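What you are looking at is a predicted structure, and each value in this text was computed from that prediction instead of being measured. Reckoned from all heavy atoms, side chains included, excluding hydrogens, waters and symmetry mates.
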Amino acid sequence: NQAIKLRARKKFTDEGDVERIAGEEWIVRTVGAYLPGVDEEIVETLNAFILTDKKAIQLEATRTFVDVLGKERKAGEHWLVTIDDAETHIPDVYEKVIGEVNITTLNSRQYAIVLDPVDTETGQTRMGARELRKGETSFFLLPGERLESGIQAVHVLDSEEALLLRARELYEDSEEVRQPGDRWMI
C-alpha cells in the first residue's frame with residue numbers, strides 16, 4: 001500500500017528500459033526493496049487511500065495522461081475512484097487528490113434532488129438539469145453534482161389532507177403533461 005515517487009536528475013534509461021528525461025517524475029509500485037540509481041532521486045513515499053463501500057476519493061488530472069485503470073484523463077478533468085474500481089488507490093504523478101467523498105444514503109421515506117447531474121451513458125454533466133432520487137438507495141455525488149436542499153423527508157398525507165403542487169418545468173405524470181406554472185392538487 002505504498003509507492004515511491006522518483007525524479008530523474010538527468011537523461012537516462014531506467015531499469016525497465018524506459019527513457020527518462022531530466023526533471024521527469026514517475027511512480028514505482030513494485031513490492032519489495034527499491035534502490036534508486038545514481039540518476040534518480042526519491043521525491044516522496046506515497047501511501048494508498050483505502051476505499052470502502054461508503055468512501056471514495058475525488059481526483060483531478062493536472063495534465064493529460066492515461067491512468068492506472070487504462071483510461072485517458074484530460075487536464076482539469078475530475079472523477080471519482082470507488083471500491084468498484086479498486087480497494088486501494090495510490091495517486092499517480094499527474095493526479096491531484098481533491099478530497100474524500102462519502103456516500104449519500106436515502107431510506108424509504110427520503111428523497112433528494114440532484115442539481116447538474118452527470119449523464120451515466122455519456123459521462124457529461126447536464127448543466128441546469130435536476131434529477132429526483134428517491135429511497136431506498138445509496139450513491140456518490142459525482143464531481144459537479146450537488147444536492148438542492150439536502151436529504152428531504154417525503155410528505156405522508158392523512159385521509160383529510162392534500163398538497164397543492166406547481167410545476168417548475170415540463171413534467172409528465174401518470175395523468176397528463178404539466179406545463180411550467182401549472183397547478184394541481186393531490
Side-chain angles (χ1 to χ4, degrees), residues 1 46-62 64-92 94-186:
N1 288 339
L46 302 168
N47 292 314
F49 285 87
I50 310 297
L51 304 173
T52 67
D53 56 345
K54 298 190 184 317
K55 185 175 73 171
I57 56 172
Q58 181 179 345
L59 301 173
E60 178 184 8
T62 57
T64 301
F65 75 106
V66 177
D67 68 11
V68 293
L69 303 172
K71 185 163 184 187
E72 182 182 19
R73 304 292 182 178
K74 303 285 186 197
E77 178 181 349
H78 289 248
W79 70 97
L80 286 185
V81 178
T82 65
I83 190 79
D84 296 335
D85 300 318
E87 291 180 6
T88 62
H89 183 76
I90 298 172
D92 209 335
Y94 305 117
E95 291 176 350
K96 177 180 160 189
V97 177
I98 302 300
E100 292 183 350
V101 178
N102 292 319
I103 198 161
T104 303
T105 303
L106 305 175
N107 65 33
S108 62
R109 296 181 150 278
Q110 294 176 322
Y111 71 97
I113 297 173
V114 178
L115 300 176
D116 303 328
V118 173
D119 188 324
T120 54
E121 293 178 15
T122 63
Q124 299 297 315
T125 302
R126 295 182 295 141
M127 299 299 289
R130 300 168 64 217
E131 183 178 280
L132 173 66
R133 297 187 186 167
K134 47 190 173 181
E136 295 182 4
T137 189
S138 294
F139 57 91
F140 288 104
L141 283 174
L142 299 174
E145 292 181 337
R146 62 191 192 283
L147 298 180
E148 183 176 59
S149 298
I151 297 172
Q152 301 178 49
V154 298
H155 298 282
V156 179
L157 300 177
D158 191 48
S159 61
E160 309 243 342
E161 293 179 320
L163 283 178
L164 179 61
L165 303 174
R166 182 175 47 86
R168 295 169 82 174
E169 57 190 51
L170 186 66
Y171 173 71
E172 191 173 330
D173 64 15
S174 58
E175 295 176 17
E176 61 183 273
V177 175
R178 311 286 183 173
Q179 297 296 325
D182 285 359
R183 293 166 46 136
W184 70 100
M185 189 178 299
I186 58 169

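Under the side chain to side chain contact (heavy atoms under 4.5 Å, CB included) criterion, I50 pairs with N1, T88, not counting sequence neighbours. Considering only residues two or more places apart in sequence or on other chains, N102 meets the side chain to side chain donor-acceptor pair (under 3.5 Å) condition with none of them. Residues meeting the side chain to side chain contact (heavy atoms under 4.5 Å, CB included) test with F49, sequence neighbours left out: I57, P91, V97, E100. For T105, the side chain to side chain donor-acceptor pair (under 3.5 Å) test picks out S138, with sequence neighbours left out. E95 pairs by the side chain to side chain donor-acceptor pair (under 3.5 Å) definition with H89, not counting sequence neighbours.
Between P143 and T125, the shortest heavy-atom distance links the atoms O-OG1, 4.5 Å. Considering every non-hydrogen atom in both P117 and A129, the closest pair reads CD-O, 3.3 Å.
The CG atom of D67 lies 7.5 Å from the CG atom of D92; values are rounded to the nearest 0.5 Å. Distance CD/Q110 to CD1/I151: 5.5 Å, rounded to 0.5 Å. L115 contributes atom CG, which lies 8.0 Å from atom CG of L147 (distance to the nearest 0.5 angstrom).
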Validation: residues 176-186 side-chain donor-acceptor distances under 3.5 Å, sequence neighbours left out:
unit_1 : atom_1 : unit_2 : atom_2 : d
R178   : NE     : D173   : OD2    : 3.2
R178   : NH2    : D173   : OD2    : 3.2
D182   : OD2    : Q179   : N      : 2.8

Using residues 76-83 as the side-chain source, report each donor-acceptor pair under 3.5 Å to any protein atom, sequence neighbours left out, with the distance given to one decimal.
unit_1 : atom_1 : unit_2 : atom_2 : d
E77    : OE1    : K74    : N      : 2.9
E77    : OE2    : R73    : NH1    : 3.2
H78    : ND1    : Q58    : NE2    : 3.1
T82    : OG1    : D84    : N      : 3.3

Practice task
Evaluate the criterion side chain to side chain contact (heavy atoms under 4.5 Å, CB included) for residue pair Y94 and T64; output intermediate values, then yes/no.
Solution key: CA-CA 8 Å; Y94 305 117; T64 301; over 6 Å; no
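Screening residues 129-143 for salt bridge (Lys or Arg N to Asp or Glu O under 4.0 Å) gives R126-E131, R130-E148, E131-R133, R133-E145 as the qualifying pairs, with residues at least two apart or on separate chains. Among pairs with a residue in residues 151-172, those fulfilling side-chain hydrogen bond (donor to acceptor under 3.5 Å, both in side chains) read Y111-Q152, at least two apart in sequence or across chains. Within the structure, salt bridge (Lys or Arg N to Asp or Glu O under 4.0 Å) contacts touching residues 108-124 (residues at least two apart or in different chains) are D116-R146.
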